[in-house]
Amino acid sequence: MKQESLQAIRQAYEIEEACIREMKDFINEEAFAKAVDLLSKAPRIGTAGCGHSGIICQHMAHLMCCIERPARFISPAEAVHGATGFLQAGDVMIFASRGGKTKELLPIVDICKAKGVSIISVTENMESPLAQAADVVLKQHVNRETDKWNAQGTTSTTSLCMIFHALQAAVIEETGYQAEQFALIHPGGAVGERLNNKAL
């Protein structure tokens with residue numbers, strides 16, 4: 001392996017470590033509190049994003065299901081062809097877009113508004129259309145991506161993941177969700193074995 005490649009590996013760790021440390025300075029307690037309240041009470045939760053943000057939004061939907069908050073990722077392509085029928089008044093939709101201008105997401109915003117669905121937007125651009133349309137905006141912070149061109153969705157996906165992980169941790173506290181409940185729906189794998197043996 002080239003020396004430059006080894007250096008790139010070490011720098012990737014350093015860049016993302018720094019990003020997570022810096023993100024704590026952008027925690028808006030009021031915004032997080034409102035987001036957690038919405039997620040804790042919503043009958044259903046939708047998530048949407050494009051590219052790397054969309055992949056992390058799929059992860060967020062699964063995280064919510066794991067604490068029994070019914071959720072699904074709604075593909076932006078499918079959303080405008082009927083998939084937003086999943087959402088009803090009182091539900092919550094999470095949009096993720098670093099720039100906040102992803103054009104594929106904007107028609108979904110209009111549908112949510114018309115249906116009485118609350119909107120949580122996660123974006124770095126607090127003046128963007130997605131931020132302006134949201135009921136709650138959570139600030140995403142990215143120092144730089146890990147590749148030398150500062151172009152690949154690397155640190156930005158870690159940043160988004162961190163926000164979603166923090167939300168799940170808070171919703172667990174807010175709803176009083178218990179390990180025994182998770183053990184019931186997660187009998188598979190090492191985690192399921194550990195939790196269910198403990199429950200016995």
Side-chain angles (χ1 to χ4, degrees), residues 1-28 31-32 35 39 45-66 71-81 83-84 92-112 119-170:
M1 183 167 60
K2 295 178 182 178
Q3 185 61 35
E4 291 85 355
S5 301
L6 179 59
Q7 183 179 3
I9 289 170
R10 295 187 181 280
Q11 285 180 340
Y13 277 90
E14 291 167 2
I15 289 167
E16 298 208 8
E17 178 188 17
C19 180
I20 291 176
R21 283 200 313 267
E22 292 165 9
M23 284 177 67
K24 291 188 287 186
D25 293 333
F26 293 92
I27 293 174
N28 181 319
F32 266 96
L39 294 171
I45 298 164
T47 68
C50 292
H52 286 97
S53 294
I55 292 168
I56 305 305
C57 281
Q58 292 178 53
H59 173 55
M60 178 56 169
H62 183 68
L63 282 175
M64 291 293 98
C65 285
C66 285
R72 65 167 284 189
F73 172 73
I74 300 177
S75 160
E78 302 302 327
V80 293
H81 291 277
T84 43
V92 173
M93 186 70 182
I94 302 172
F95 292 99
S97 168
R98 183 178 174 186
K101 300 176 181 179
T102 305
K103 63 182 180 180
E104 294 89 344
L105 301 180
L106 300 181
I108 313 173
V109 170
D110 294 336
I111 295 169
C112 289
I119 294 172
I120 299 172
S121 290
V122 183
T123 181
E124 197 173 32
N125 184 356
M126 303 299 278
E127 304 302 319
S128 65
L130 277 178
Q132 296 299 313
D135 297 285
V136 184
V137 187
L138 299 177
K139 168 75 173 175
Q140 184 178 11
H141 166 72
V142 183
N143 50 357
R144 61 159 290 130
E145 307 290 10
T146 58
D147 67 285
K148 65 181 180 181
W149 298 294
N150 188 27
Q152 301 293 323
T154 51
T155 311
S156 54
T157 61
T158 300
S159 169
L160 181 58
C161 236
M162 186 66 250
I163 291 170
F164 287 161
H165 292 174
L167 285 172
Q168 193 215 34

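The shown structure was predicted, so the numbers you read here are calculated from the model rather than taken from an experiment. Along the sequence shown, residues are numbered consecutively beginning with 1.
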Look only at the side chain of [X] and the backbone of [Y], and say whether a donor-acceptor pair between them is shorter than 3.5 Å.
{"X": "S53", "Y": "S97", "value": "no"}
{"X": "T47", "Y": "C57", "value": "yes"}
{"X": "T155", "Y": "R144", "value": "yes"}
{"X": "E104", "Y": "C50", "value": "no"}
{"X": "K139", "Y": "E124", "value": "yes"}

### Query
According to the interplanar angle, ranging from 0 to 90°, do the rings of H141 and F26 count as parallel (below 30°), tilted (30 to 60°) or perpendicular (above 60°)?
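Taking F26 first and then H141, their aromatic rings lie parallel (interplane angle under 30°).
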### Query
What is the distance from atom CE of M64 to atom SG of C66, rounded to the nearest 0.5 Å?
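Reported to 0.5 Å precision, the distance equals 9.0 Å.
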Kindly indicate whether the side chain of [X], heavy atoms from C-beta on, has any atom under 4.5 Å from the side chain of [Y].
{"X": "L106", "Y": "P129", "value": "yes"}
{"X": "L105", "Y": "L130", "value": "yes"}
{"X": "T146", "Y": "E16", "value": "yes"}
{"X": "Q168", "Y": "L39", "value": "no"}
{"X": "H165", "Y": "H59", "value": "yes"}
{"X": "F95", "Y": "T102", "value": "no"}
{"X": "L167", "Y": "M60", "value": "yes"}

### Task
Just jot down the ring pair (Phe, Tyr, Trp, His ring centres under 6.0 Å) partners of H52, sequence neighbours excluded, or say none.
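Once residues adjacent in sequence are excluded, H52 has no partner under the ring pair (Phe, Tyr, Trp, His ring centres under 6.0 Å) criterion.
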#### Entry: Sequence-distant partners of F32, ring pair (Phe, Tyr, Trp, His ring centres under 6.0 Å), two or more places apart
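Applying ring pair (Phe, Tyr, Trp, His ring centres under 6.0 Å) to F32 gives none.
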### Message
Do E145 and S156 pair up side chain to side chain, a donor and an acceptor below 3.5 Å, judged on atom types alone?
### Response
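There is such a pair (donor and acceptor under 3.5 Å, judged by atom type) between the side chains of E145 and S156.
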Closest non-hydrogen atom pair between [X] and [Y], with its separation:
{"X": "K103", "Y": "P107", "value": "O-CD, 3.2 Å"}
{"X": "A131", "Y": "V137", "value": "O-CG2, 3.3 Å"}
{"X": "I119", "Y": "A133", "value": "CD1-O, 4.0 Å"}

### Chi angles and distances behind the side chain to side chain contact (heavy atoms under 4.5 Å, CB included) call for I74, M93
CA-CA 9 Å; I74 300 177; M93 186 70 182; 4.2 Å; yes
